[in-house]
Structures are given as structure tokens and as C-alpha cells.
2 protein chains.
Amino acid sequence: MRRRREAAVARVTIREVAARVGVSTATVSRALSGAKRVSPAVVEQVRQAAEELGYSANGIASALRRSRTDTVGMVVPSITNPFFTSLVEGVEHALQDSGRQLFLCSSRSDPALEAQRLRSLVARQVDGIVISPVHGTESTGAVSWAAGELPLVQVDRYVTGVESDWVGVDDDAALRLLLEHLAERGVRTAAFVSSELTSSSTELRVAGFQEHSARLGIGLAPGGMLLGEYSIEWGREAMQRLLAGPSLPDAVTCADDLIALGVLQTCAAGGVRVPDDLLVTGFDDIPFAALSDPPLTTVRQPQVEIAAEAVRLLADAERAGERPLSRLALQPSLVVRASTGG
Amino acid sequence: MRRRREAAVARVTIREVAARVGVSTATVSRALSGAKRVSPAVVEQVRQAAEELGYSANGIASALRRSRTDTVGMVVPSITNPFFTSLVEGVEHALQDSGRQLFLCSSRSDPALEAQRLRSLVARQVDGIVISPVHGTESTGAVSWAAGELPLVQVDRYVTGVESDWVGVDDDAALRLLLEHLAERGVRTAAFVSSELTSSSTELRVAGFQEHSARLGIGLAPGGMLLGEYSIEWGREAMQRLLAGPSLPDAVTCADDLIALGVLQTCAAGGVRVPDDLLVTGFDDIPFAALSDPPLTTVRQPQVEIAAEAVRLLADAERAGERPLSRLALQPSLVVRASTGG
DNA sequence: ATGAAAGCGCTAACAA
DNA sequence: TTGTTAGCGCTTTCAT
């Protein structure tokens with residue numbers, strides 16, 4: 001319980017370093033940045049003086065002058081969903097090589113909060129934005145405004161009508177993989193538990209489910225299209241509704257792993273044996289998908305590639321003037337585990 | 001595939017708004033911030049002009065002038081560990097009311113990266129830092145330097161010898177709860193699977209295990225003190241080592257839920273029945289602790305309170321000159337599930 | 001190789 | 001209530 005830091009000791013500036021060495025601030029600036037056209041001797045003196053004085057650069061002043069912050073903003077609907085955390089980690093990693101930092105924001109699935117985050121990032125002059133928009137239509141205004149202010153890349157989900165690149169997974173291919181797998185396992189009827197149709201990927205997953213289940217002769221169970229949100233709780237509730245119905249389908253296909261984990265929990269609690277009585281599938285392959293009871297069959301998104309590609313596109317966008325927009329749908333892979341008898 | 005955003009259209013500044021309305025930049029600044037001592041008519045005109053011109057403030061310039069960024073930095077060892085994500089979400093939420101934003105960084109359990117993040121946050125002039133330091137000793141230098149530059153609060157873990165506040169859980173009380181529960185269940189021998197003794201909370205958990213197990217007459221199984229890292233993988237590996245030993249203890253106590261989930265996975269794979277053959281406990285109560293096979297008995301950390309308290313301490317620190325340091329160890333609660341026969 | 005000087009866009013004294 | 005003025009700390013011409 002001793003004293004705290006002296007309140008607001010004025011921070012050391014470049015001027016004091018310059019004064020100490022007896023050179024101009026310009027020289028100090030040059031010496032401390034890429035040491036160009038400065039004599040090695042001076043560089044060394046400056047380094048030492050900076051060290052002695054405890055100088056550390058004021059990034060704000062530098063940013064104002066250079067109109068660059070070496071910072072990228074990222075906005076995701078949730079930071080507690082492991083899928084997005086993996087994506088964030090991938091982006092942060094990809095950024096690291098270029099010495100840039102990530103400014104992470106959560107929109108908490110709220111378009112109003114998302115708009116606020118975007119305004120804030122633009123105000124803070126980040127050099128670019130990576131966003132997974134909350135909502136297919138309600139996010140449009142804010143996202144397209146931001147895209148007009150600075151380079152912006154959409155990942156995973158997207159809003160249409162915005163001039164920006166996009167990288168994500170091929171949702172149609174993912175549902176093809178899942179349903180072909182279920183068909184092979186002899187599934188004739190299935191339910192689909194998803195979020196409300198408020199985002200691009202949700203729509204594509206539902207559409208993919210409908211198309212491929214029809215093609216493979218898998219019928220939609222009565223009351224089997226359940227739309228809620230991407231959460232464990234919704235998975236639990238949706239499964240309760242299915243249990244309350246007249247009969248169970250052969251399989252429950254879920255639009256993400258969180259939903260599927262909730263479904264599995266309710267199955268366990270309700271005495272429904274998976275995979276004996278019911279097959280269950282997820283989507284994303286989050287780390288916990290392998291640990292559930294039973295382990296979850298799912299499709300893996302290539303998160304690392306998605307993240308790397310997003311950063312690459314952002315770099316392009318910074319340079320670019322005119323250039324065609326990219327839309328990259330990367331391929332998912334099927335991961336078979338015990339929840340489908342694998 | 002249409003045209004992109006026009007490259008670098010110079011952004012609208014306050015001067016252009018001022019010119020449009022026919023007032024000074026100072027008036028525009030005043031009108032746009034807290035509308036103090038500006039005539040309502042002018043405020044309205046300025047608002048409108050700003051709107052028409054698509055003006056959005058340059059936060060960097062503002063920050064330079066005001067020496068405030070309204071931004072708080074947070075550094076955590078991992079953003080894929082749900083415990084830390086919950087903490088982050090709590091801090092972000094607590095900050096929201098005061099209109100500040102969170103700048104989140106992951107140190108990836110690497111002291112060097114952590115030091116870099118801290119330098120970066122200080123350079124970016126965040127108003128304060130919330131950090132859960134990676135390492136009990138290797139983090140000291142960087143953390144105490146940062147604490148000297150600006151207000152800093154440690155959460156969850158801490159390094160000693162740094163003049164900063166700390167909020168976290170009462171690790172000793174947590175181990176008392178866990179071990180008393182195990183003793184009631186008839187446990188006579190236990191193993192402890194933890195991370196290396198590199199952080200304060202790890203040390204306290206190991207110490208708590210030793211003290212309370214001794215007090216309750218629970219013996220440490222031979223080779224039963226297993227130190228690795230906070231991850232599912234390490235949990236798997238540690239359990240494999242226990243399985244390779246001559247005999248199993250009655251219980252495996254884990255220093256966090258990720259480790260415990262890994263332990264459970266190996267038990268399932270190796271035919272060890274939990275809780276019949278072995279009791280397993282975790283620590284943190286992450287959302288996935290309820291979904292494992294079997295559901296995990298653990299202690300819940302009061303994350304929301306920890307986060308709220310951290311933000312409150314930061315606010316204090318900003319105001320404060322001299323003031324005693326706070327060390328708040330909040331109380332955990334036992335959550336009994338099937339992994340101990342609950 | 002170095003220095004002088006001019007701002008980046010904004011805000012806060014201080015005047016009026 | 002409003003304007004004038006002086007910077008915040010840094011980088012970058014343009015000279016020398």
C-alpha cells in the first residue's frame with residue numbers, strides 16, 4: 001500500500017531528446033524512425049538520450065501528421081462465440097507481420113451498436129476495417145458509409161449493396177457435405193435449427209439445406225424449420241420444441257455449433273440418445289465441438305485462410321483505386337464425429 | 001463488380017463546416033461537442049452543415065489536443081479462452097456507459113509480445129490499461145513501466161512489485177470449496193493438473209490445493225502434481241500420464257475448465273468412467289463446462305463483478321494522486337455437476 | 001547530413 | 001455568445 005504513480009508527470013517529448021543531444025527535433029525524428037540519411041553517430045546518441053530520458057513516441061501526434069495509425073479495426077457480432085474469436089485471432093496474427101495492431105469491437109448482434117462502433121473506428125482513423133456485419137439489411141447504412149470512408153472488407157457474413165470485398169465460407173457446399181453425409185446414414189427426415197434469417201450466411205445455409213435436402217430426398221420434419229439465434233440457449237429451446245412435437249425427425253441439422261451443443265444438451269436431459277435415436281450436426285467446428293456428449297459432427301470453416309485473405313484484401317484496398325471487387329467463398333470440410341454415428 | 005470508393009477523397013474538416021456556416025472553427029467545435037455556450041440557432045446550422053458535408057470528426061486531432069483518447073486498452077493472455085472473453089465482454093460493457101471504447105490485445109501467453117502490446121498502447125495514448133499479466137516475473141518489467149506511464153489495473157493474475165490495483169478471485173477460497181466438496185464425496189487421494197507456476201493465480205491455486213488437501217486428509221497421488229499450461233491439449237496429455245501410472249487417484253482437480261475438459265475427453269476415450277471411477281473438477285465455469293461429458297463440477301468466478309470493479313478502479317486511478325492500492329479478492333461459488341456425482 | 005519552419009485538425013484560453 | 005490565437009507532438013519539405 002504505497003504511493004501511486006506521480007500524477008501526470010508530463011511525458012518526455014522529442015524536443016527534450018533533441019535538446020539533450022543538441023540537434024533538431026527533425027533529426028531526432030529521422031533517427032528514431034527508419035534511420036535514413038542520419039549519421040550513425042547521431043543515431044546512437046539519440047537512441048541513448050531517448051533511453052535515458054525514458055522517451056516513448058506519441059503515436060497520436062505521429063498519426064495526425066502522417067494520416068496513418070497503423071491500426072486496423074475489426075467488428076464482430078460476438079466475442080464470446082468461439083468461431084469469431086478464432087477469426088479475430090487469425091486476423092491479429094496476419095496483421096502482426098506488417099506491424100499493425102488490431103482494434104477489436106463487439107457489436108453484440110446489435111445494428112445500432114455496430115453503427116456506433118463503425119463511427120468510432122472511422123473517427124479514430126483506423127487504416128482499414130474488417131467486419132462481419134450483424135444484419136443483412138439493418139447493417140447496410142453504417143457499413144456502406146464506413147466503406148466509403150476507408151478500406152473495408154467483409155468476412156463471414158456480408159450485406160449486399162456495399163462496395164466492398166468479402167471472404168467467407170461456401171455455405172452451399174457446406175450444406176451439401178452435411179446432407180450428403182446424412183443421406184448416406186439413411187436419414188429421411190430432418191429439422192433445421194438456425195438463427196432468424198437476418199444475415200447472409202444464415203440465408204445461404206437455409207437455402208442450401210432446402211436445396212440439398214430436396215435433391216437427396218430428405219423431407220423437412222413438420223415444424224422442423226426453427227429460427228432463433230446463434231446461441232446454446234436457442235439450441236436447447238429449439239430441441240425442447242421438437243421434443244414437444246408428435247415425433248422426432250431422423251436428424252437435426254444446426255446452423256452453427258453453439259446451437260448444436262444446446263440441442264445435444266437437451267437430448268441428454270430428455271433421454272434422447274444421439275446418434276441412436278437422432279443424428280445431430282453443427283457448423284464451424286469450434287474447439288468445443290469435439291468435447292460434447294457425444295462429440296459433434298460438423299463442417300470446418302477455414303478460419304485461418306479466411307483471416308489471412310481478409311488482411312490481404314485490405315492491403316489491396318489501401319493501394320487500390322479502381323479494381324474489381326472480390327468475393328471469395330472458401331471450401332469447408334466435413335468433420336465426422338459420434339453425433340452422426342461416425 | 002463495380003467501382004470502388006474513390007481513393008482518398010480528402011476528408012471534410014471542421015474548417016469547411018465553419019466556412020459553410022460562416023462562423024469560426026471554434027464555434028463549430030463547441031457546437032459539435034457539448035453545445036455549451038453556443039446559441040441554439042447556430043448549433044442547428046452547424047449540425048446541418050456537418051450533415052450535408054458528410055463531416056465526421058478527426059478523433060486523432062482531438063486526442064492530440066485534449067491529451068485524452070477516451071480509449072482503454074486491455075491485454076489478456078488469450079482471446080480464445082472463454083474465461084478471458086467473458087472478462088473482456090464485462091469490461092467492454094462497463095466502459096460503454098462512460099462512452100469509452102476498449103482496445104483489445106492478446107499477448108498469446110508471450111511476455112515479449114505482451115511488452116510490445118503495452119508499448120503500443122502507451123504510444124497510442126490510451127487513457128488506461130486493464131491487464132491480466134502473462135507471467136509472474138517475466139511480465140514485471142513491462143507492466144511496471146506501463147503502470148508508471150498511465151493508470152493501470154491488473155485483473156485475474158498479477159505481478160508483484162508493481163504499484164497497481166488488482167481485482168480477481170479468491171483462489172484460496174475456491175480451492176477450499178472444491179476440496180471440501182471432494183472430501184464430502186469421500187475422496188482420499190487427488191491429483192492436481194495445472195499450468196506451470198508462472199502466474200500468481202496458478203501459484204495460489206497450487207498452494208490452496210496443498211493446504212486444503214492436507215487439512216482435509218486428502219493425499220497427493222504419486223506423480224499427481226502435473227504442471228503444463230491452460231489448454232484442452234494439456235488436460236488430455238496430463239490425463240494420459242495419469243492413466244499410464246500404476247493407479248488412479250480418487251479425483252483429478254484442474255486449475256481451469258479447459259484443462260478439465262481435456263481430462264474428461266481422455267477419460268472418455270480411455271474407458272475411465274466419470275464420476276464412477278474418478279471425480280473431476282474444473283475452475284472458472286466457462287459456458288462449455290455445462291456441456292461436457294459428463295457436465296463439469298467447477299467454481300464460478302464472478303467475472304461481471306471483476307470487470308466492473310476493474311473499470312471502477314481505473315476511473316479512480318485516473319483521478320487519484322495518492323491513494324492506497326486496492327487488492328480485491330472476490331468470492332467464488334461452487335457449481336456442482338455430474339463430474340463429481342452431483 | 002542537418003536545421004528551420006510549416007502545418008496535420010482540433011480545442012481551450014483569452015478577448016471582445 | 002463568438003472569434004482570435006496559440007499550440008498539442010510529430011513529420012516533412014525545402015534549404016543549407
Side-chain angles (χ1 to χ4, degrees), chain A residues 8-47 49-50 53-71 120 122-127 149-150, chain B residues 8-47 49-50 53-71 120 122-127 149-150:
Chain A
V9 177
R11 287 197 33 193
V12 180
T13 75
I14 210 172
R15 291 182 57 149
E16 294 160 67
V17 178
R20 174 102 162 201
V21 181
V23 294
S24 73
T25 59
T27 299
V28 173
S29 174
R30 283 188 280 245
L32 256 26
S33 58
K36 316 170 65 174
R37 288 173 302 166
V38 189
S39 75
V42 173
V43 171
E44 189 40 48
Q45 281 180 286
V46 168
R47 282 245 163 77
L53 293 171
Y55 170 78
S56 82
N58 183 328
I60 295 294
S62 167
L64 178 58
R65 181 58 232 245
R66 297 187 306 139
S67 315
R68 293 193 104 262
T69 53
D70 295 319
T71 299
S120 171
V122 169
R124 280 178 169 70
Q125 310 268 92
V126 295
D127 298 335
E149 297 285 320
L150 39 68
Chain B
V9 177
R11 289 200 29 196
V12 180
T13 75
I14 211 172
R15 291 182 59 149
E16 294 160 66
V17 178
R20 174 103 163 198
V21 180
V23 294
S24 73
T25 58
T27 299
V28 174
S29 173
R30 284 187 282 245
L32 257 26
S33 57
K36 314 171 66 173
R37 287 173 301 165
V38 188
S39 75
V42 173
V43 171
E44 191 40 48
Q45 281 181 285
V46 168
R47 283 246 162 77
L53 293 170
Y55 171 78
S56 81
N58 183 328
I60 295 293
S62 167
L64 178 58
R65 181 58 232 243
R66 297 187 306 138
S67 314
R68 292 193 104 264
T69 52
D70 295 320
T71 300
S120 170
V122 169
R124 280 179 169 71
Q125 311 270 92
V126 295
D127 297 336
E149 297 286 318
L150 39 69

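Quick note on labels: first sequence line is chain A, next is B, and so on, each numbered from 1. Model, not experiment: these values are computed from the prediction.
- Listed by chain and residue number, B:Arg124 satisfy the side-chain hydrogen bond (donor to acceptor under 3.5 Å, both in side chains) test with A:Thr71 (two or more places apart in sequence, or in another chain).
- Take B:Arg20 and apply the salt bridge (charged side-chain N to carboxylate O under 4.0 Å, His left out) test, not counting sequence neighbours, and it matches B:Glu52.
- A 4.0 Å heavy-atom criterion places the boundary nucleotides of DNA chain D facing chain B at D:dT1 to D:dG9, written 5' to 3'.
- Every side-chain hydrogen bond (donor to acceptor under 3.5 Å, both in side chains) that A:Ser62 has, sequence neighbours left out, goes to A:Arg66.
- Annotation: side-chain contact (heavy atoms from CB on, under 4.5 Å) contacts of B:Ser67 (sequence neighbours excluded): none.
- In this structure, B:Thr27 and A:Thr27 both approach DNA chain D, and ranking their closest nucleotides by distance from the 5' end singles out B:Thr27.
- Across all their heavy atoms, A:Val12 and A:Val17 have their closest contact at CG1-CG2, 4.4 Å.
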Base versus backbone protein contacts along nucleotides 6-16 of chain C [heavy-atom cut-off under 4.0 Å; B, S, -]: BBBBBBBB---

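- For the side-chain hydrogen bond (donor to acceptor under 3.5 Å, both in side chains) test, residues two or more places apart in sequence or in another chain that qualify with B:Gln125 are A:Arg11.
- Each end of the helix from C:dA1-D:dT16 to C:dA16-D:dT1 yields a helix axis from five base pairs, and these two axes differ in direction by 30° (to the nearest 10 degrees).
- When all heavy atoms are compared, the tightest approach of B:Asn58 to B:Ile60 is OD1-N, 2.9 Å.
- For A:Arg15, the side-chain hydrogen bond (donor to acceptor under 3.5 Å, both in side chains) test picks out no residue, with sequence neighbours left out.
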Donor-acceptor pairs under 3.5 Å, side chain of residues 38-46 of chain B to any protein atom, not counting sequence neighbours: which ones?
residue : atom : partner : partner atom : Å
B:Ser39 : OG   : B:Val42 : N            : 3.3

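- A search for side-chain contact (heavy atoms from CB on, under 4.5 Å) contacts involving B:Ala57 returns B:Tyr55, not counting sequence neighbours.
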